[in-house]
A.B. asks: 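I have a structure here, written as structure tokens, and I will follow up with some questions on it.
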Amino acid sequence: MSTINLWNYPVFQGSLEEIDFKNQKHFVINTISPNSYGLATKTPQVKDALQKSDILILDGLYFGLVALFKQGVKINRIAGWDAFMHYSSQLNERKGRVFFLGSTKETLERMKKRFNSEFPNVEVGVYSPPFKSVFSEEDNQKMIQAINDFQPNVVFVGMTAPKQEVWAVTNTPFLNVNIVCSIGNVFDWYAGNSKRPNVFWQRMGMEWLIRIFYRREIFRRNIGNQMIFFRDLLLDITKIKRIC
């Protein structure tokens, strides 16, 4: 499995084809971005969850600049949407089972309806947890029980970051699953609740900027965390140049 250590985070630099769900057990896929990095610098629980993930995929291009500037390595972006489509297709080919954890009952029903049409060979389970910033032990036990009763191969977690990343790492050991993958906004995109920026902006690495115009609260919530990342990147680059 191809990973690279970037600031003590296990960033994936390969292809998801390397990670066949049938060959995994309790495998956690989370994403990393300037925003999640910034959150991790302020919250030890978030840092611990990201570092304990089996792999971190680049949901945005910019965290990959660490590898480019420090080691001359270019890492391809694998967005949450890419992971979702990859494993959904793989499950469809093998008549597997998928579970959606997160969001509202209405969103989950829309997702399930579309998923049944696009991936008819996959059995789908869903659970909508209570909307709160911190889950109680009873909340967690209900989620774990719902997942284990369904016995899915892959669990997609769609909560707000970093709640989903922390939940995945903390609770996956208690789940009878192959892979748990946090995909956040993909739930709303797939359900049709909101629109994902088009392919042009995705390829330009500017998807985050367009999303700001769709939802300006994202900018207000994330800009501070992103600036922490760019500050630390600049400090690291200048340190390297001084050493050279």
Side-chain angles (χ1 to χ4, degrees), residues 16 21 24 26-31 36 49 53 57 59 78-172 174-197 207 211 214-215 217-218 221:
L16 289 177
F21 74 83
Q24 305 302 328
H26 301 141
F27 193 88
V28 177
I29 301 175
N30 278 323
T31 64
S36 60
S53 302
I57 56 177
D59 199 39
I78 302 175
W81 179 271
D82 300 323
F84 173 70
M85 296 304 293
H86 172 79
Y87 286 112
S88 296
S89 297
Q90 198 175 81
L91 287 165
N92 194 57
E93 292 173 2
R94 303 180 186 185
K95 298 183 179 180
R97 300 168 70 85
V98 70
F99 197 95
F100 299 138
L101 174 68
S103 198
T104 65
K105 292 179 180 179
E106 294 76 16
T107 293
L108 291 173
E109 283 305 309
R110 286 193 285 270
M111 290 182 68
K112 187 175 181 179
K113 182 178 180 180
R114 177 178 173 183
F115 198 93
N116 285 335
S117 174
E118 295 182 347
F119 305 101
N121 296 325
V122 185
E123 293 188 54
V124 182
V126 301
Y127 187 87
S128 176
F131 185 75
K132 53 175 72 172
S133 56
V134 179
F135 294 125
S136 67
E137 185 58 32
E138 182 182 0
D139 295 330
N140 287 323
Q141 287 304 315
K142 287 181 178 179
M143 287 184 267
I144 291 169
Q145 187 67 47
I147 292 169
N148 286 339
D149 285 348
F150 188 74
Q151 297 184 342
N153 302 110
V154 177
V155 175
F156 289 116
V157 184
M159 304 175 189
T160 55
K163 183 165 62 175
Q164 60 185 7
E165 290 81 8
V166 172
W167 195 94
V169 168
T170 303
N171 294 284
T172 293
F174 308 110
L175 302 177
N176 183 23
V177 298
N178 300 98
I179 288 177
V180 175
C181 181
S182 300
I183 57 175
N185 285 327
V186 173
F187 274 40
D188 280 331
W189 292 335
Y190 195 72
N193 295 344
S194 59
K195 183 180 179 181
R196 187 185 184 195
E207 185 176 359
R211 286 178 58 202
Y214 289 161
R215 295 176 57 193
E217 68 271 17
I218 293 175
R221 187 174 67 234

A.B. asks: Under a 4.5 Å cut-off applied to non-hydrogen side-chain atoms, are Phe156 and Met111 in contact?
C.D. replies: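 Result no, sub-4.5 Å side-chain heavy-atom pair not found.
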A.B. asks: Which class fits the ring pair Phe100 and Phe115: parallel under 30°, tilted 30 to 60°, perpendicular over 60°?
C.D. replies: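 Answer is perpendicular, since the angle exceeds 60°.
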A.B. asks: Measure across Ser103 and Phe187 and return the closest heavy-atom pair with its distance rounded to 0.1 Å.
C.D. replies: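 Minimum heavy-atom separation between Ser103 and Phe187: CB-CD2, 3.9 Å.
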A.B. asks: Atom CD of Gln90 and atom CE of Met85: how far apart are they, to the nearest 0.5 Å?
C.D. replies: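 Answer rounded to 0.5 Å: 13.0 Å.
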A.B. asks: Among pairs that include at least one residue of residues 110-126, which meet side-chain hydrogen bond (donor to acceptor under 3.5 Å, both in side chains), considering only residues two or more places apart or in two chains?
C.D. replies: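 Passing the test, one end in residues 110-126: Arg97-Glu123, Arg110-Asn193, Arg114-Glu118, Glu118-Tyr190.
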A.B. asks: Are side-chain N/O atoms of Asn185 and Trp81 paired as donor and acceptor at under 3.5 Å?
C.D. replies: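 No - no donor-acceptor pair under 3.5 Å links their side chains.
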A.B. asks: Give the minimum heavy-atom separation between Thr172 and His26, together with the two atoms involved.
C.D. replies: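 Closest approach of Thr172 to His26: O-CD2, 3.3 Å.
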A.B. asks: List in chain and number order the residues that pass salt bridge (Lys or Arg N to Asp or Glu O under 4.0 Å) with Glu137, two or more places apart in sequence or in another chain; answer none if no residue qualifies.
C.D. replies: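 Once residues adjacent in sequence are excluded, Glu137 has no partner under the salt bridge (Lys or Arg N to Asp or Glu O under 4.0 Å) criterion.
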A.B. asks: Quick one: side-chain contact (heavy atoms from CB on, under 4.5 Å) partners of Ser53, sequence neighbours excluded?
C.D. replies: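 With neighbours one apart ignored, the set is Val28, Asn30, Leu56, Val169.
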A.B. asks: Whether the Ser89 and Asn92 side chains hold a donor-acceptor pair (N or O, under 3.5 Å, no angle test) is what I'd like checked.
C.D. replies: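 The criterion, which ignores hydrogens and geometry beyond distance, is not satisfied for Asn92 and Ser89.
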A.B. asks: Report yes if the side chains of Glu165 and Val157 come closer than 4.5 Å at any heavy-atom pair, otherwise no.
C.D. replies: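 No, their side chains stay 4.5 Å or more apart.
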A.B. asks: Any idea which heavy atoms bring Val186 and Gly80 closest together, and the distance?
C.D. replies: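 The pair with the smallest heavy-atom distance is CG2-C, 3.8 Å.
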A.B. asks: Do the side chains of Leu16 and Tyr87 get nearer than 4.5 Å, heavy atoms only?
C.D. replies: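 Side-chain contact under 4.5 Å: yes.
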A.B. asks: Output yes when a side-chain donor or acceptor of Lys142 lies under 3.5 Å from a complementary backbone atom of Pro129, and no otherwise.
C.D. replies: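 Such a contact is absent between Lys142 side chain and Pro129 backbone.
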A.B. asks: Rounded to the nearest 0.5 Å, what's the gap from CD1 on Ile144 to CG on Asn171? Could you check?
C.D. replies: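 Rounded to the nearest 0.5 Å, the CD1-CG separation comes out at 4.5 Å.
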A.B. asks: Can you give me the closest heavy-atom contact between Ala146 and Phe99, atom names plus distance?
C.D. replies: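 Closest approach of Ala146 to Phe99: O-CE1, 3.7 Å.
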A.B. asks: Search all heavy atoms of Gln164 against all heavy atoms of Met159 and return the closest pair with its distance.
C.D. replies: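 Distance-wise, the nearest heavy atoms are OE1-O, 2.7 Å.
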A.B. asks: Are the side chains of Thr31 and Ser182 in touch, meaning some heavy atoms are under 4.5 Å apart?
C.D. replies: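 Of all side-chain heavy-atom pairs linking Ser182 with Thr31, none is under 4.5 Å.
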A.B. asks: Restricting to salt bridge (Lys or Arg N to Asp or Glu O under 4.0 Å), what partner residues turn up for Asp149, sequence neighbours left out?
C.D. replies: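 By the salt bridge (Lys or Arg N to Asp or Glu O under 4.0 Å) rule, Asp149 matches no residue at all.
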A.B. asks: Give every donor-acceptor pair under 3.5 Å between a side-chain atom in residues 174-181 and any protein atom, sequence neighbours left out.
C.D. replies:
from, atom 1, to, atom 2, distance (Å)
Asn176, OD1, Lys25, NZ, 2.6
Asn178, OD1, Asn153, ND2, 3.3
Asn178, ND2, Phe21, O, 3.2
Asn178, ND2, Gln24, O, 2.9

A.B. asks: Got a sec, which residues hit side-chain contact (heavy atoms from CB on, under 4.5 Å) with Ser128, two or more places apart in sequence or on another chain?
C.D. replies: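 Testing Ser128 for side-chain contact (heavy atoms from CB on, under 4.5 Å), a comparison that skips the adjacent residues, returns Lys105, Leu108.
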A.B. asks: Enter the distance from Ser88:OG to Leu91:CG here, rounded to the nearest 0.5 Å.
C.D. replies: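 One gets 6.5 Å once the value is rounded to the nearest 0.5 Å.
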